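All figures in this text were calculated on a predicted structure; none of them were measured in a lab. In this chain, residues are counted from 1 in sequence order.
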Amino acid sequence: MISLTEKITLEAVEKLLYSAETIHIDTDWMARVDECYRFLEKFAAEKVIYGINTGFGPMAQWRVDDKYLTDLQYNIIHSHSTGAGEPLDDVYVKSAMIARLGTVLQCRSGVHIDVVKILVEFINREIFPFIPMHGSVGASGDLVQLAHIALCLIGEGEVHYKGQWRPTAEVMKENGIEPLKMHIREGLSITNGTSVMTGISIVNLFHAETLLDWATLAAVWMNEIAASFDDYMSEGENNCRRHEGQQLMARRMRELSEGSQCLKKRAHELYDYGHSDVKVFEHKVQAYYSLRCTPQILGPIYDTLKNTRQILEDELNSATDNPIVDPETQNVYHGGNFHGDYISLEEDKVKIALVRLCMTAERQLNYLFHDRINGILPPFLNLGTLGLNYGMQACQFTATSTTAECQTLAMPNYVHSIPNNNDNQDIVSMGTNSALLCKQVVENCFQVMAIQYIALAQATDCLKIADKLAPASRKIYDKVREMVPLFIEDTPFYKDIATVENYLKTNPLKLK
């Protein structure tokens, strides 16, 4: 059980998503949520406060009669449950609910403590509301998708529970959970904020960090296959360029390559005497960029993800609805904390960084498959009869087309804005769209990376160098070979690719 006392960390979220941990909220924290609610209850009397006794959005100019205030809160939930498309997978829904919990726990929402209690029950019992992929423009936050969460909290709609879609009321009754009742502004507060885009982005980050670790090992293994000179990752080379990411990537590569008998030492091969009469060197003096420049390519990706991690943790622990209820200053502030620009811009950065990672993997694959480039491997790693057999030729089609799709998806979404809502929302973030596009790039990258790891194992067997690999590379070579044995005859690869893809997703290297 994870006991929350001050803030929600991304480490805690990762455990909640992937380690079957549950949440417990400290009683002092719950008391602060209640204090905020009690303050609003007193403060709101005889005042005009948006979304409490006014309409929503451009209808805020209309005062709502006191006898309809409870209806008002239900109405925003019902009217905004208009999403379309496939439902988000459970892990993204759970992450979004944790993000919504993080907002409410800032004690600036003025909601009843039942909101916290029911959210915790849904998270701990893995009751996942139906949230369609499409609907948010990321301006008043994720109004539509959050309305679908709210719809389930009040006992309506559908939830995914233990692998089945069922009526929410039925599942809540089965678990002894009373549907949420409206008190002051629960309807608006649950639907208004950046929690869905944040939740999706958090999962994207975890996957992106995993991809970067696999790309780092792949870079080492690639250079082992090419018998590259190892100074491309040396301290002397990389520490004179003052970027943390590049230096850290080079250090990780040095650590991963320890014990390798494949990498060459430039001092031994080229700096010793005896080369003055050599006119043409058979072995490349410098490897291709996709092999040699990997610290410089992966370094900026690391720096991007490090910044994104900080942004997401800050957002996770921010009040992102409107208005802001502040018991400390005894005031209610109206503004735009629901605007998703931070998330939208970060997801575009992550998406672009991962496309670069995918492009590098595709170029490394081309090196492995192109015998006239590598000069040491058979075409397409084909150990059969050339012309009769085709090795991994068609796998390259999949990797190249998937990478090309990533390049199209790399187009920034943060700069797209379409005014709507009677132009009340005249500039919007499209943050959830950015997160969803990034999600697709993540999935594509895993597919390309799966093909790359199958190819790395096959290339290793072509050269018969498994016993010379660094222990880190050898360990994964053995694992890949458990899933995909050495092949000589032509064989369908689609199940193998899916198997390796799942392994890469669910077995992160966790490089430090």
Does the pair [X]/[Y] count as a salt bridge with the N-to-O cut at 4.0 Å?
X      : Y      : answer
Arg38  : Asp34  : yes
Arg252 : Glu255 : no
Glu501 : Lys505 : yes
Glu209 : Lys510 : no

*Test log, rule side-chain contact (heavy atoms from CB on, under 4.5 Å), inputs Val500 and Met449*: CA-CA 9 Å; Val500 176; Met449 192 75 72; over 6 Å; no
Hey, could you give me the [atom1]/[atom2] distance between [X] and [Y], rounded to the nearest 0.5 Å?
X      : Y      : atom1 : atom2 : value
Glu315 : Gln310 : CD    : CD    : 12.0 Å
Ser189 : Met182 : OG    : CE    : 10.0 Å
Leu354 : Leu409 : CG    : CG    : 11.5 Å
Leu316 : Leu105 : CG    : CG    : 9.5 Å
Lys349 : Ser344 : NZ    : OG    : 11.0 Å
Leu312 : Asn317 : CG    : CG    : 11.0 Å

*Go through the steps to decide whether Glu244 and Lys306 satisfy the test salt bridge (Lys or Arg N to Asp or Glu O under 4.0 Å), and finish with yes or no.*
CA-CA 10 Å; Glu244 178 190 0; Lys306 181 182 178 183; 2.8 Å; yes
*Establish, yes or no, whether the cationic atom of Lys47 lies under 6.0 Å from the six-membered ring centre of Phe43 and within 45° of the ring axis.*
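Because its charged atom sits under 6.0 Å from the ring centre and within 45° of the axis, Lys47 does stack over Phe43.
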*Does Lys439 make a cation-pi contact with Tyr92, if we ask for NZ or CZ under 6.0 Å from the ring centre and within 45° of the axis?*
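Verdict for Tyr92: a cation-pi partner in Lys439.
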_Steps toward side-chain contact (heavy atoms from CB on, under 4.5 Å) verdict (Arg185, Tyr37)_ = CA-CA 10 Å; Arg185 64 179 298 262; Tyr37 168 77; over 6 Å; no
If you draw a 6.0 Å radius around [atom1] in [X], do more than 12 non-hydrogen atoms from other residues or ligands fall strictly inside?
X      : atom1 : value
Glu41  : CD    : yes
Arg63  : CZ    : yes
Gln330 : CD    : yes
Phe39  : CZ    : yes
Tyr68  : OH    : no

Keeping the roles fixed (side chain from [X], backbone from [Y]), state whether a donor-acceptor pair exists under 3.5 Å.
X      : Y      : answer
Thr308 : Thr304 : yes
Glu362 : Ala399 : no
Thr194 : Met197 : no
Gln73  : Gly187 : yes
His112 : Asp114 : yes
Asp348 : Tyr414 : yes
Thr400 : Phe397 : no

Do the non-hydrogen side-chain atoms of [X] and [Y] ever get within less than 4.5 Å of each other?
X      : Y      : answer
Asp321 : Leu188 : no
Leu40  : Ile52  : yes
Asn502 : Phe446 : no
Leu180 : Ile190 : yes
Ser140 : Asn322 : no
Met483 : Asp496 : no
Leu357 : Ile297 : no
Glu313 : Glu11  : yes

Residues [X] and [Y]: side-chain donor-acceptor under 3.5 angstrom:
X      : Y      : answer
Asp326 : Thr329 : yes
Thr168 : Glu156 : no
Asn238 : Gln246 : yes
Thr398 : Gln447 : no
Ser290 : Arg363 : no

*Is the Tyr503 ring parallel, tilted or perpendicular to the Trp214 ring (thresholds 30°, 60°)?*
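Tyr503 vs Trp214 ring planes: tilted.
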*asked:* Before you tell me yes or no, could you show the steps for Ile451 and Leu365 under side-chain contact (heavy atoms from CB on, under 4.5 Å), namely the whole-Å CA-CA distance, both residues' side-chain angles and the distance that decides it to 0.1 Å?
replied: CA-CA 8 Å; Ile451 294 170; Leu365 273 170; 3.9 Å; yes
*asked:* Pair Arg108, Glu328 - check salt bridge (Lys or Arg N to Asp or Glu O under 4.0 Å), show working.
replied: CA-CA 10 Å; Arg108 294 293 184 271; Glu328 293 182 14; 3.3 Å; yes
_Passing candidate, salt bridge (Lys or Arg N to Asp or Glu O under 4.0 Å) with Glu174, options Arg166, Lys162, Arg125_ =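 It is Arg166; the other options fail the test.
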*Looking at His160 versus Phe130, is the centre-to-centre ring distance below 6.0 Å?*
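Not close enough - the centres of the two rings lie 6.0 Å or further apart.
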*asked:* Quick check on side chain to side chain donor-acceptor pair (under 3.5 Å): which of Asn337, Thr103, Asp142 does Thr320 satisfy it with?
replied: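 Answer to the side chain to side chain donor-acceptor pair (under 3.5 Å) test with Thr320 among Asn337, Thr103, Asp142: Thr103.
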*Asn444 vs Gln440, side chain to side chain donor-acceptor pair (under 3.5 Å): CA-CA, chis, key distance, verdict*: CA-CA 6 Å; Asn444 287 1; Gln440 185 61 54; 2.9 Å; yes
*Does the pair Asn433 and Glu347 meet the rule for a side chain to side chain donor-acceptor pair (under 3.5 Å), with working shown?*
CA-CA 9 Å; Asn433 283 355; Glu347 286 305 277; over 6 Å; no
*Start with the C-alpha distance between Ile497 and Val484, add both sets of side-chain angles, then the distance that settles side-chain contact (heavy atoms from CB on, under 4.5 Å), and finish with yes or no.*
CA-CA 9 Å; Ile497 294 169; Val484 187; over 6 Å; no
